[in-house]
Amino acid sequence: MSESPTRLVTAVILVAAGSGQRLGYGMPKAAVPLGGEPILLHALRGIVGSGVASQVCIALPAGDDALRQLCEDFREELADGGPLLSMVDGGATRADSVRAGIAALMDGIEAVLVHDAARALTPESVFHRVTDALAAGAAAVIPAVPVVDTVKTVAATTGEDSALAPEIVTGTAPREELRAVQTPQGFQLGTLLKAHEAAGTLDRQQSAAVTDDAMLVEMLGTPVHAVRGSSQSLKITTPLDLILAEGLLEGPLGARWVEG
């Protein structure tokens, strides 16, 4: 059995600056309770538990003292060792938050994983698959899962058709070629730096169309490889997502979901 390649010195940028409006709690998403503890705490434990990170840089809502204190308390738990924990103010957009995290990376970092705090239950095995691919030489790696639904492209109806329905089907995408993309997304540090530098030349409309860091890398013409994601890596965005996440934690396999 072949050994895994030696992992690169890796930092995780944890994006936790979202408003969480769709969850309806009236607080930042990272602070919303999941199993009696904030979503952010579950995400931090998952990262640290995976053992892949030399540094974890958390992008928080600007001026949120409560979440910053949560991170400070978590840092106290790591007093016996563990990754360096850094906190930065997130920006107006996800890309701005990632760039704030990049600016806070310590010397010696070779690879970066960009992870969403909203995917707080991501199994450790997903972190390992991403970092193993980077160590093997990939410039960019994303975890992904097959799409089980039939996906169709649509266009807005016009004229008399608009009285029938708001949209009309224009085609059916080949499902076997489609993947739903998750985080953590991994990059060689140089690749991520180049991608965000190039993003500075995009206009507002182009920037709005970019939904993840892998898209920025794709724009460079750099190959982005995909590894197996996990059904447990659901993104907690709506109240239904939160109910599903609670179920994963409370079920008989709860610990396995979190620990991979």
Side-chain angles (χ1 to χ4, degrees), residues 15-25 28-29 32 59 90-99 114-122 126 130 138-187 191-192 194-245:
V15 181
S19 65
Q21 290 180 349
R22 281 179 284 181
L23 281 175
Y25 272 74
K29 185 188 295 185
V32 170
T93 67
R94 184 180 188 281
D96 290 337
S97 294
V98 173
R99 282 191 277 272
V114 180
H115 189 40
D116 292 331
R119 296 191 188 273
L121 302 185
T122 298
V126 177
V130 172
V141 187
I142 57 174
V145 293
V147 173
V148 296
D149 295 318
T150 296
V151 179
K152 297 185 182 291
T153 55
V154 299
T157 50
T158 59
E160 295 180 357
D161 280 349
S162 61
L164 303 177
E167 296 175 330
I168 190 167
V169 172
T170 59
T172 302
R175 187 168 60 185
E176 63 274 11
E177 297 178 8
L178 298 176
R179 298 291 182 270
V181 177
Q182 304 174 335
T183 67
Q185 297 187 351
F187 308 92
T191 299
L192 188 62
K194 288 178 184 176
H196 276 274
E197 183 179 351
T201 65
L202 301 179
D203 61 32
R204 182 176 299 179
Q205 184 175 1
Q206 290 171 321
S207 295
V210 175
T211 55
D212 67 0
D213 296 271
M215 283 186 69
L216 295 176
V217 174
E218 292 166 43
M219 291 176 181
L220 296 178
T222 300
V224 177
H225 291 81
V227 297
R228 179 165 53 90
S230 171
S231 58
Q232 291 87 42
S233 299
L234 78 164
K235 187 174 185 181
I236 302 171
T237 303
T238 68
L240 178 58
D241 299 328
L242 193 59
I243 291 171
L244 293 173

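Computed from a predicted model, the values in this text were never measured in an experiment.
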#### Entry: Rounded distance [0.5 Å steps], CG in L216 versus NZ in K194
14.5 Å
#### Entry: Minimum side-chain heavy-atom gap T150-T172 below 4.5 Å
yes
### Query
In this structure, which one of V114, V181, D116, V217 forms a side-chain contact (heavy atoms from CB on, under 4.5 Å) with D212?
V181
### Task
Kindly compute the distance separating CG (D213) from CZ (R94), expressed to the nearest 0.5 Å.
5.0 Å
### Task
For the pair D161 (side chain) and T158 (backbone), establish whether a donor and an acceptor sit closer than 3.5 Å, ignoring hydrogens and angles.
no
### Interatomic spacing from CD in Q232 to CG in L244 - rounded to 0.5 Å
12.0 Å
### Summary
In short, G90 meets S97 closest at the heavy-atom pair CA-OG, 3.4 Å
### Summary
For V224 and A214 the tightest heavy-atom approach is CG2-O, 4.0 Å
### Query
Just wondering, more than 12 heavy atoms not from R228 lying within 6.0 Å of its CZ?
no
## Note on the structure
In short, P143 meets V130 closest at the heavy-atom pair CD-CG2, 4.2 Å
### Query
So which heavy atom on G229 is nearest to which on V145, and how close?
C-CG1, 3.8 Å
### Query
Going from OG on S162 to CD1 on I168, what distance comes out if it is rounded to the nearest 0.5 angstrom?
11.0 Å
### Task
May I ask you to decide if V148's main-chain N or O and R175's side chain share a donor-acceptor pair within less than 3.5 Å?
yes
### Message
Using 0.5 Å steps for rounding, measure from the CG atom of L178 to the CG atom of D149.
### Response
10.5 Å
### Task
Check V126 against S233 and note the closest heavy-atom contact, atom names and distance.
CG2-OG, 4.3 Å
### Task
Under the side-chain hydrogen bond (donor to acceptor under 3.5 Å, both in side chains) rule, collect the residues that match up with T183, sequence neighbours excluded.
H115
### Query
Who are the salt bridge (charged side-chain N to carboxylate O under 4.0 Å, His left out) partners of R99, not counting sequence neighbours?
D96
### Query
What distance separates I243 CD1 from I236 CD1, expressed to the nearest 0.5 Å?
11.5 Å
### Query
Around atom CD of E197, are there more than 12 heavy atoms of other residues, nucleotides or ligands at under 6.0 Å?
no
#### Entry: Minimal non-hydrogen separation, T237 against K29, with atom names
OG1-NZ, 4.0 Å
### Task
Answer yes or no: are there more than 12 heavy-atom neighbours, outside E176 itself, under 6.0 Å from its atom CD?
yes
